[in-house]
Amino acid sequence: NAGVTQTPKFRVLKTGQSMTLLCAQDMNHEYMYWYRQDPGMGLRLIHYSVGEGTTAKGEVPDGYNVSRLKKQNFLLGLESAAPSQTSVYFCASRELPGLAGGPVPYNEQFFGPGTRLTVL
Amino acid sequence: TQLLEQSPQFLSIQEGENLTVYCNSSSVFSSLQWYRQEPGEGPVLLVTVVTGGEVKKLKRLTFQFGDARKDSSLHITAAQPGDTGLYLCAGANRGSTLGRLYFGRGTQLTVWP
């Protein structure tokens, strides 16, 4: 059981380049989230998904797109990278309360190890 | 808009000292969580508090949820170097079916041997 995994771990882009960050979870969770973490700013929600085929905007969605074609995967895309998108990106997943045969920690989110992205 | 304000932002102490970290808001939350994050890793859940006035203990860590469910505190007794990390509080709103959490900016704790 690997939990939540993210690829790549590190990436350097030039302004204007595109890339996709992959998040995968093997816990059969319904909800998945993409956050960015910047120094002194905590975690800010970019996009999230409440199930396969669904996505929604979070707090800072501009410049990013997402897709959830399979339940276990949540992709974050940058179509034209900008220096302001230099950050550490975290993916998280969460189960629906009440499932899995017993009480589920209220809104516990399980995080991946992060992707450190630098845009030059 | 930062819903949750954490203080202090940085804390540097010697091993064996006690400390308290605060998480405050003007909003009411249905639950509040504390996460700890180590360098190069994602946050890991420490505790969830749900009831106003609730106190939970995890070894040397004591968590309290305010009576009005607007604030929380984390107290560490006899801190150890292994407690070093970024502590994040996160709140969830009542009625939210999306599981969305609102994070504070974190408290960076360094415990020196």
Side-chain angles (χ1 to χ4, degrees), chain A residues 2-6 9-10 21 23-25 27 29-51 54-61 74 88-99 103-116, chain B residues 1-11 21 23-25 29-52 54 56 58 63 65 69 72 85-108:
Chain A
V4 180
T5 58
Q6 293 183 233
K9 293 185 71 66
F10 303 93
L21 282 66
C23 175
Q25 52 97 3
M27 297 173 283
H29 285 172
E30 288 292 334
Y31 296 176
M32 296 187 74
Y33 309 84
W34 275 108
Y35 294 91
R36 60 177 289 173
Q37 186 175 39
D38 303 292
M41 294 298 293
L43 288 162
R44 292 184 292 172
L45 183 65
I46 305 171
H47 286 281
Y48 60 97
S49 168
V50 299
T54 71
T55 63
K57 294 180 180 180
E59 182 184 358
V60 287
F74 195 26
V88 181
Y89 292 86
F90 288 99
C91 175
S93 71
R94 174 207 165 203
E95 180 55 279
L96 289 173
L99 296 183
V104 175
Y106 201 93
N107 283 341
E108 177 180 6
Q109 294 188 12
F110 295 84
F111 286 83
T115 294
R116 183 174 294 276
Chain B
T1 302
Q2 193 72 25
L3 291 180
L4 285 166
E5 297 290 340
Q6 281 189 246
S7 62
Q9 187 176 357
F10 298 96
L11 194 53
V21 175
C23 177
N24 296 304
S25 176
F29 291 99
S30 58
S31 66
L32 198 138
Q33 298 179 330
W34 285 91
Y35 289 81
R36 188 172 88 185
Q37 183 179 15
E38 299 192 15
E41 299 181 6
V44 176
L45 181 69
L46 293 174
V47 76
T48 300
V49 285
V50 179
T51 306
E54 182 176 6
K56 283 191 174 180
L58 186 66
F63 305 85
F65 202 12
R69 288 184 285 119
S72 181
L86 179 67
Y87 289 81
L88 296 158
C89 66
N93 284 327
R94 180 181 294 280
S96 171
T97 58
L98 304 176
R100 179 171 176 173
L101 292 175
Y102 296 87
F103 282 86
R105 296 183 179 184
T107 294
Q108 181 63 53

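What you see below is based on every heavy atom in this structure, not just the backbone, and it leaves out hydrogens, waters and symmetry mates. Numbers restart at 1 for each chain; the letters A, B, ... are given by sequence-line order, proteins then strands.
- The main-chain N or O of S49(A) is never found under 3.5 Å from a side-chain atom of T55(A) such that the two would form a donor-acceptor pair.
- Contact annotation for Q6(B): neither backbone nor side-chain heavy atoms come within less than 4.5 Å of a heavy atom of chain A.
- In this structure, the portion of E41(B) lying under 4.5 Å from any heavy atom of chain A is its backbone and not its side chain.
- When the options R44(A), Q109(A), E59(A) are evaluated for a side-chain hydrogen bond (donor to acceptor under 3.5 Å, both in side chains) with Y35(A), the one that passes is Q109(A).
- Heavy atoms only, all atoms of each residue included: S93(A) and M27(A) are closest at OG-CE, 3.4 Å.
- Using a 4.5 Å cut-off between heavy atoms, Q6(A) makes no contact with chain B at all.
- Looking only at heavy-atom pairs under 4.5 Å with chain A, the residue among G106(B), G42(B), A90(B) that has the most is G42(B).
- Contacts between L43(A) and chain B at a heavy-atom distance below 4.5 Å involve backbone atoms as well as side-chain atoms.
- Classified by interplanar angle (parallel below 30°, tilted 30° to 60°, perpendicular above 60°), the ring pair Y35(B)/F103(B) is tilted.
- With a 4.5 Å cut-off on side-chain heavy atoms, V47(B) and L58(B) do not count as touching.
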